[in-house]
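First up is the structure itself, then whatever we jot down about it.
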Amino acid sequence: MANLNMVQAINSALREEMRRDGDVIVIGEDVGADGGVFRATEGLLHEFGAERVMDTPLAESGIAGAAVGMAAYGLKPVAEIQFMGFIYPAVDQIFSHAARIRSRSRGRFTCPLVIRTPYGAGIKAPELHSESTEAMFCHMQGIKVVVPSGPYNAKGLLISAIRDPDPVIFLESTRLYRSVKEEVPEGEYEIPLGQARIVREGTEVTLIAWGGMLRKAIEASEGFDAEVIDMMTLTPIDEEAIYRSVKKTGRVVIVHEAPKTCGFGAELSASIAEYAMLHLKSPIFRVTGYDTVMPLPKLEDYYVPSADRIRRAIEEAMKY
Amino acid sequence: MANLNMVQAINSALREEMRRDGDVIVIGEDVGADGGVFRATEGLLHEFGAERVMDTPLAESGIAGAAVGMAAYGLKPVAEIQFMGFIYPAVDQIFSHAARIRSRSRGRFTCPLVIRTPYGAGIKAPELHSESTEAMFCHMQGIKVVVPSGPYNAKGLLISAIRDPDPVIFLESTRLYRSVKEEVPEGEYEIPLGQARIVREGTEVTLIAWGGMLRKAIEASEGFDAEVIDMMTLTPIDEEAIYRSVKKTGRVVIVHEAPKTCGFGAELSASIAEYAMLHLKSPIFRVTGYDTVMPLPKLEDYYVPSADRIRRAIEEAMKY
Amino acid sequence: MTASFEVKSLSILNEKGEADETLMPSLPDDDIKRIFELMVLSRTFDEAALSLQREGRIGTYASMLGQEASQIGSALAFEKSDWIFPSFREMAVYITMGYPMYMLLQYWSGDERGARAPAGLNIFPVCVPVGTQIPHAVGASMAAKYKGDKAVACCYFGDGGTSKGDFHEGLNMAGVFKLPVVFICQNNQWAISVPRRRQSASKTLSQKAYSYGFEGIQVDGNDVFAVYKATSEAVRKARGGGGPTLIECFTYRMSDHTTADDSSKYRSNEEVESWKPKDPLLRLKLFMEKKGLWNEQYQKGVEEKSKTAVEQAIRKAESLSPPEPADMFRYALKSPTPRQAKEMEDF
Amino acid sequence: MTASFEVKSLSILNEKGEADETLMPSLPDDDIKRIFELMVLSRTFDEAALSLQREGRIGTYASMLGQEASQIGSALAFEKSDWIFPSFREMAVYITMGYPMYMLLQYWSGDERGARAPAGLNIFPVCVPVGTQIPHAVGASMAAKYKGDKAVACCYFGDGGTSKGDFHEGLNMAGVFKLPVVFICQNNQWAISVPRRRQSASKTLSQKAYSYGFEGIQVDGNDVFAVYKATSEAVRKARGGGGPTLIECFTYRMSDHTTADDSSKYRSNEEVESWKPKDPLLRLKLFMEKKGLWNEQYQKGVEEKSKTAVEQAIRKAESLSPPEPADMFRYALKSPTPRQAKEMEDF
Ligand SMILES: Cc1ncc(C[n+]2csc(CCOP(=O)(O)OP(=O)(O)O)c2C)c(N)n1
Ligand SMILES: Cc1ncc(C[n+]2csc(CCOP(=O)(O)OP(=O)(O)O)c2C)c(N)n1
Ligand SMILES: [Mg+2]
Ligand SMILES: [Mg+2]
């Protein structure tokens, strides 16, 4: 056990898997000597060499596309996109190919690929350094979307993602990278994809969050008899975990930093409204980033849901 | 008045606006001599010349990016992306730039741009010719998403979209292009963006659909006292129209051809569950494409919602 | 700090069927006959596919008419174990690599099962989004290099494909890592209705390779010997660690873009006619005739064999049971998600 | 069908401050002094921005240290009414075009209002996603051409930017339409930690222009006269309908990538030191000294004036009221959506 922050936990997961499996390779911009702009790949070049830790030219579509080819050939590439704001040029390769090659080739070619990318606000950086567009990827069929909420589950989820036979988008909250430390086992361990976890049990209201918003949700839950769920995997959705909780509490508040309209919260809410509606005591509330372009740092704190905004939503729900 | 199909109505809208305003120009692949692969730009080259009807190299990101520059300079480009399946390479330019330049420059530069693209299944073409990923664009802030459901509103909506001061993604259902004719006025007329319309009044259940699914929803509504809403504009959402109907009927069935998870139906359902929940008598149902990769034509009809599947959902809702 | 370079080109077999002996690759007569027979077979397949489409028995189809030399000449230079990434017009490449013809028809009839390459063939499914297959070939060659395999990757695309960002990002990466990959651009002069000169102001497409630090060569794409020779050399170079090559096959799309297209709207009949004498089959036939490898009877025999093979393929394709609806879930992910499992029950 | 070409290069002012008189652009002494003063001002601004960042008074900042000649020499070749599309490192370009320095600091402190170019200046906001601004410049030049305006568009990007698909798609389109646009690549040898040779195997970056059918030229990017001359010629050509040019300014990023970077992790001190004698200010100073345009007192005066101007800019930037939260809705669309209107009430 070591007390690690999330960057270190991710680094440890990569190292474990690279040691275990020679087919695991890391590619991306500045992942080599620089160790990644957040240092998640630090030391890997030294331990595994430039053939397994490949600095690429500055070309996100090329990176994602090459990773698809590598994965089809039989490797297990872990590609780093430097920020989620730079993943958009790779959307075509992810959507048209990574997600579909298994289906298009009826299983002959597959894509055991992980794309890691920092997401979310929190480091007060310029435009496109605070994106949280997980919902776009959750709408894409043929891929999985995973969002750890701390060092411990980051390591276990990343190991599972690397071992997963299908493409996984792995989103790392920049606000969590260095702000939290947890005990993280040294060896390998898996946290299964597709399973949410109950962070705190409660009976009156269900709070659902993931990644960088989980801690705010927990903070806001103080003083309420609230059940807090950490999704961890967004797709495939762990519907059972949610319905179970909703059946108990009858009230739901969903938190995310992406804009409300068509965010992943919409899917959670709609699923509940479709499959667990009869257990609801109150409307389903979403506390989200606003429906506007993410501002530069000066207004960032106004944009991202605060514990206070979440609290107000809980109070609203409790009125019913 | 003329009896036109949707291709002709769109052609007529383009022609009207190009005649009226010298800043309106058309760019895209094969929009010139070929008149577009669906013939929507037919005759425009002849009438307006190669300087206003520009065949570009095969480069969707370049087309969208150049259109952003043109729009900022003061033109009103109408770009055609040949199929929605080929818009993904342009997502970066749409999302990072078209949608944001007004905000990034605090209003100094704007982007009065329309991107037209055929969407949806219906012509039994190969992969990526049946995409319906409108939800991705609805999640993007700073743009509008418009989906006509027939020749008459296609013309009026396209004219409004061209005159709109902000970027509009204009989705044209391939299944509607030539299958329906309507009386379409010859001159210019606008159908305001952001407004849904009641296609059929009813009191027991609200059916919500758009574009290529509207007619299936209408077909399925036969025999029920159903109110049918055609969204026409997806974002900005006409929430009022929806809540008004839901308050009346208390039951909702939403239909779209995209996969269920994180489709635009999720947003509609979640909005209702947040703002009109107390008026609901039954769970909110979504009848959608399945949560899997869109198959090739042989299985297409199984994938896309049928009137029968919609009918079953209405019946289900009516049980409450 | 200046550099200068010359754009290479190659042609061996002219329209009269005369080969430049100094450049001619050493090909035993049997191989030449095999090439000819593949060309006839591919053309027979192509014609059959076009009429099946007209009869509504398959969907939209993209004819390779006129491009047989580019496709067969290049494909023959690869080993079965190499990795091939075609675009959507390369039916003659599939056929040359030994892909069952009935599966090609199955694919074009809208059934994904036709796109599952048989074991032992590393050939990707038809790729519709233009240029996107280029980075895949680059990635496969990275993997082959990393694994120390001798496999070479090969990517096909058109003149239109060279305008895409993925062409640039892919070729640039191939140059930086000096990868074992061969890029084959079939410049058939048109991207639907956009002529080559409107696709790029570059004098040749092959010279674009120099932007990426490796060699490009423009070959007469209707000259099967030139294509074969240039590709063989590129494959040899790639396999030997010499890095990538871009080969531009200068050819012509004799047909409409696809069965959904009407090319008379945007190109002149004269232009099409002017390419007829350059036909790749014609000149190979003339060459073989001179060499005593061809006569009317041989032609008849080859045609008949081809027709029989294609008819068999059609029969087989049309006798297949339709795909099961549940297939659309079975291959989305290794194991269906709970939601998919539930949706599957709908059928 | 072959083509051959040579890669052009230009240098005028060497490290000793000696200018090749045969190539020297005709610049009156006052203009030379203005160039020098802009260089000092920019460097003063840059240093101040770095210390403001260290003190937490602005956010992450990308220094242009060492690239003053590339930025100022090129920007001076444009008219105020031309359309400029910078990347994120071009503070000296903004300053040269007359953009208020306080607004630049405002921007880097995380306030979008600093990115609203004053009326009369057509300069786009800082563009973070690498290479994406290239198609915008192409589009603006298409618009200028269509409107019959004399405006030229100009786009700045780095060596890393040349690897992006948007570089390719943009330049290719510019070539096809022969547009009035000038592409300025500041090859500062590094893209964060990735060295130029790992960015592309192309011998030079400028030669990539030949893939798009127009001219490229590599200039000594630390030689302000060479940069100015090459850019002026490109602008003249563009304005006259001669189409685009790609200019590679061969220079060096003397600083870390940004204030969030530590370049000692990936490059040697010797390499950085080896570029110090090539400093663009130093050589201009030596040149001016020889010409009697420079002495210690002049230097002091220029430095003081620069310091005062920068200090004023800082004071002004820091005295601004913070942006209103509602601003984030005001500029998303021309008129807020109903949903935005409701959300705005939250404040
Ligand atoms: C990214 C993308 N954009 C547009 C299309 C529509 N489309 C299909 S083929 C084609 C032209 C391709 O031209 P070229 O690359 O020269 O290949 P060819 O058809 O001549 O074989 C176009 C525009 C597509 N399939 N993919
Ligand atoms: C599309 C994209 N990918 C990655 C990044 C992160 N990033 C910022 S600057 C940079 C390197 C840019 O190098 P270059 O183009 O040479 O410009 P320079 O920084 O040297 O001025 C990278 C990778 C980005 N901003 N945009
Ligand atoms: Mg072509
Ligand atoms: Mg650089």
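We name chains A, B, ... by the order of the sequence lines, and we start the count at 1 in each one. Keep in mind that the numbers below use all heavy atoms, side chains included, and drop hydrogens, waters and symmetry copies.
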Could you tell me whether the side chains of B/Arg104 and B/His97 share a donor-acceptor contact shorter than 3.5 Å? yes

Residue by residue, which of residues 127-159 of chain D have a heavy atom closer than 4.5 Å to a heavy atom belonging to chain B? D/Cys127, D/Pro129, D/Thr132, D/Pro135, D/His136, D/Gly139, D/Ala140, D/Met142, D/Ala143, D/Ala144, D/Tyr146, D/Lys147, D/Asp149, D/Ala151

State whether the side chain of B/Asp23 and the backbone N or O of B/Lys76 hold a donor-acceptor pair below 3.5 Å, judged by distance alone. no

Residue B/Glu239 versus chain D: region with a heavy atom under 4.5 Å: side chain

Take B/Glu17 and B/Arg163 through the test salt bridge (Lys or Arg N to Asp or Glu O under 4.0 Å) and record every step on the way to the result. CA-CA 9 Å; B/Glu17 286 305 283; B/Arg163 295 178 186 180; 2.8 Å; yes

Any carboxylate oxygen within less than 4.0 angstrom of a Lys/Arg side-chain nitrogen, looking at D/Glu248 and D/Lys208? no

Among B/Ser96, B/Ala72, B/Pro77, single out the residue with the greatest number of heavy-atom pairs under 4.5 Å to chain D. B/Ala72

Partner chain B: residue of D/Gly170, D/Gly165, D/Ala117, D/Gly114 with the largest heavy-atom pair count (under 4.5 Å): D/Ala117

In terms of heavy-atom pairs under 4.5 Å, which option from B/Arg106, B/Arg108, B/Glu240 contacts chain D the most? B/Arg106

Looking at D/Asn172, D/Val176, D/Leu121, which one has more heavy-atom pairs under 4.5 Å with chain B than the rest? D/Leu121

Is there a donor-acceptor pair closer than 3.5 Å between any side-chain N or O of D/Gln340 and the backbone N or O of D/Thr337? yes

Out of B/Met54, B/Arg100, B/Gln141, which one racks up the most heavy-atom pairs below 4.5 Å with chain D? B/Met54

Do the side chains of D/Asp166 and D/Lys164 get close enough for a salt bridge, i.e. N-O under 4.0 angstrom? no

Note: vs chain D, highest number of non-hydrogen pairs under 4.5 angstrom among B/Ser61, B/Gly142, B/Pro236 is B/Ser61

Give a yes or no on whether a salt bridge exists between D/Arg339 and B/Glu267, defined as a side-chain N under 4.0 angstrom from a carboxylate O. yes

Kindly state whether the ring of D/Phe88 and the ring of D/Trp108 have centres lying under 6.0 angstrom apart. no

Where does the angle between the aromatic ring planes of B/Tyr243 and B/Tyr275 fall among parallel (under 30°), tilted (30 to 60°) and perpendicular (over 60°)? tilted

Over 60° means perpendicular and under 30° means parallel, so tell me whether B/Phe83 and B/Phe86 are parallel, tilted or perpendicular. perpendicular

Against chain D, label B/Ile101 side chain, backbone, both or neither, depending on which of its atoms sit under 4.5 Å from a heavy atom there. side chain

May I ask you to decide if the ring planes of D/His168 and D/Tyr212 are parallel, tilted or perpendicular, using 30° and 60° as cut-offs? perpendicular

Pick from B/Gly62, B/Gly22, B/Ala99: which one has the most heavy-atom pairs with chain D under 4.5 Å? B/Gly62

Honestly, the part of D/Phe124 sitting under 4.5 Å from a heavy atom of chain B is both

Is the gap between the ring centers of D/Trp83 and D/Phe78 under 6.0 Å? no

Please state whether the side chain, the backbone, both or neither of D/Ile123 comes within less than 4.5 Å of a heavy atom of chain B. backbone

Ranked by heavy-atom pairs below 4.5 Å to chain D, first place among B/Ser103, B/Gly194, B/Pro167, B/Ala64 goes to B/Ser103

So for D/Pro338, is it side chain, backbone, both, or neither that comes closer than 4.5 Å to the heavy atoms of chain B? side chain

Part of B/Ile27 within contact of chain D (heavy atom distance under 4.5 Å): neither

SB check B/Glu188 B/Arg19 (cutoff 4.0 Å): no

Under 4.5 Å to a heavy atom of chain D? For B/Glu60 that would be backbone

